Amino acid sequence: MMQTVRGVHDILPDEVAIWQFLEAKALTIFGLYGFTEIRSPLFEKTELFARAVGATTDIVEKEMYTFADRGGDSLSLRPEGTASVVRSFVQQSLHRQLPWKVWYRGPMFRYERPQKGRQRQFHQIGCELFGPVGPLADAELMAMVMHYLGDVGLQAALVLEINSLGCLACRTPYRALLIAALRQAAAHLCEDCNHRMERNPLRVLDCKRETCRATVTAAPIMLDHLCLGCRDHFYQLKGHLETLGVPYVVNPRMVRGLDYYNRTAFEVTSVGLGAQNAVAAGGRYDGLVEQMGGTSTPAIGFAMGMERLVLLLDRQKILARGMDVYLATLGASAENAGLVLAETLRRGGISVELNLGGGSLKSQMKRADRAQARFTVMLGDTEIEKRSVIIKDMAEGVQQEVARSEIMDYLLTRL
Ligand code: HAM
């Protein structure tokens, strides 16, 4: 039997409503903040990710799906969305149209060890904002993430964690300090961390092994070594979040698995997810556009893992959204009239499941239940003669005769 590749899943029809719900909310909520959607290619030149995400990151070193195409070019399936958006920004010379605000959704690919909340093909909804340099943008973006998560019904279970990763000026001396401290503690660090220490020392702070975690508690933290500009940026950001009433905690040990970040980094975590607890993550990347050959432009963004959101959502509540109306018909002329009535109601924005032929009233009421209809509209010969219908409120169990000309109004005021 043929099966999906390990770490890759179908999204089956009875699950798809949740995904559509999450995407529709993104369109609405991000739209309120002026973001429009961008659709980037699923694969790019490998070099794009190596340069943007960082050649020494786990993502680029170990996790990319990389292949040579028939022309011999090295291509990779996108492991994340930011690199393509930045490439697009540079390619289209969009620095003339700031601020540029885009969101995206779609599959990403990483060869990771699959576990709960971690797949090899997974889906992100992300946003990127180009132009603003100050912390107002950081605060607004975080408020937007929390607005989105609250609106889909999740905020209560989540924590917004923030940190500053400094800039080139203050991170370089900090990095040297950190390497020195890690070298001293090398005997207590795992093999991976010993390997990471010289090339990507910040990642050591993020190791999940207990002994490493205990060892790095004594290591210097970036927040104590920020330059004046970075310190001020972080201080103001916290002030803006407080003004907005967005709760946060400072996590000085948060590092990100991608190299492009500077200053603000943030994650939204959930206790309900186990080890893979980040549902959203992002930060500033003020140097990336220039590094990719564009006109220097500050930027900030984030991405949410859709599988993780789906795991946390009350799926019953979302999937329970049934049809507005089940239209039951009895007899040939009622079937004919029903066809027209269903179409009229749908054009008025009411969802209708129409009886597509035959069946007793009893069996049709069962189908109405299965369609989770709010109302059943019943149409038989008597009603056709009287130019009316019977409408049953399925929750209340009461029914009422309504004139044909009044049906639309009757339903719209009650839905
Ligand atoms: P990231 O932290 O690598 O950042 O991924 C963002 C989110 O995608 C994670 O917090 C998680 O929810 C989800 N995710 C990542 N890997 C997997 C996986 N293997 N399975 C399931 N979910 C996963 C980025 O990708 C950056 N591009 C975010 C960003 C945008 N920063 C600035 N702009």
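Please read these numbers as outputs of a predicted model, since none were measured by experiment. First listed ligand is number 1; within each ligand, the first listed atom is number 1. Just so you know, residue 1 is the first one in the sequence shown, and it goes up from there.
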Query - Asn277 vs Thr269, side chain to side chain donor-acceptor pair (under 3.5 Å): CA-CA, chis, key distance, verdict - result: CA-CA 5 Å; Asn277 65 351; Thr269 55; 4.8 Å; no
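Applying ring pair (Phe, Tyr, Trp, His ring centres under 6.0 Å) to Tyr148 and the options Phe21, Trp103, Phe30 leaves one that passes, Phe30. The one candidate from Leu309, Val152, Leu313 that meets the side chain to side chain contact (heavy atoms under 4.5 Å, CB included) condition with Ile18 is Leu313.
A distance of 11.5 Å separates NE2 in His123 from CZ in Arg105, rounded to the nearest 0.5 Å.
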Once you restrict both partners to nitrogen or oxygen, which atoms of ligand 1 have a protein partner under 3.5 Å, and how far apart are they?
unit_1, atom_1, unit_2, atom_2, d
ligand 1, 2 (O), Arg256, NH1, 3.1
ligand 1, 2 (O), Arg256, NH2, 2.8
ligand 1, 3 (O), Arg110, NH1, 3.0
ligand 1, 3 (O), Arg110, NH2, 2.9
ligand 1, 4 (O), Arg256, NH2, 3.0
ligand 1, 5 (O), Gln124, NE2, 3.2
ligand 1, 8 (O), Gln124, NE2, 3.1
ligand 1, 10 (O), Ala278, O, 3.4
ligand 1, 12 (O), Ala278, O, 2.8
ligand 1, 12 (O), Val279, O, 3.4
ligand 1, 12 (O), Gly305, N, 3.2
ligand 1, 16 (N), Arg110, NH1, 3.4
ligand 1, 19 (N), Glu112, OE2, 2.6
ligand 1, 19 (N), Gln119, O, 2.9
ligand 1, 20 (N), Gln119, N, 3.0
ligand 1, 25 (O), Arg110, NH2, 3.1
ligand 1, 25 (O), Gln124, NE2, 3.0
ligand 1, 27 (N), Glu80, OE1, 2.5
ligand 1, 27 (N), Thr82, OG1, 2.9
ligand 1, 27 (N), Tyr260, OH, 2.9
ligand 1, 31 (N), Tyr261, OH, 2.6
ligand 1, 33 (N), Thr82, OG1, 3.2
ligand 1, 33 (N), Glu128, OE1, 2.8
ligand 1, 33 (N), Glu128, OE2, 3.0
ligand 1, 33 (N), Phe302, N, 3.2

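Phe130 and Trp100 have tilted rings, their planes meeting at an angle from 30° to 60° on a 0 to 90° scale.
Figure legend: cation-pi geometry between Arg414 and Tyr410, with NZ or CZ positioned under 6.0 Å from the six-membered ring centre and within 45° of its axis.
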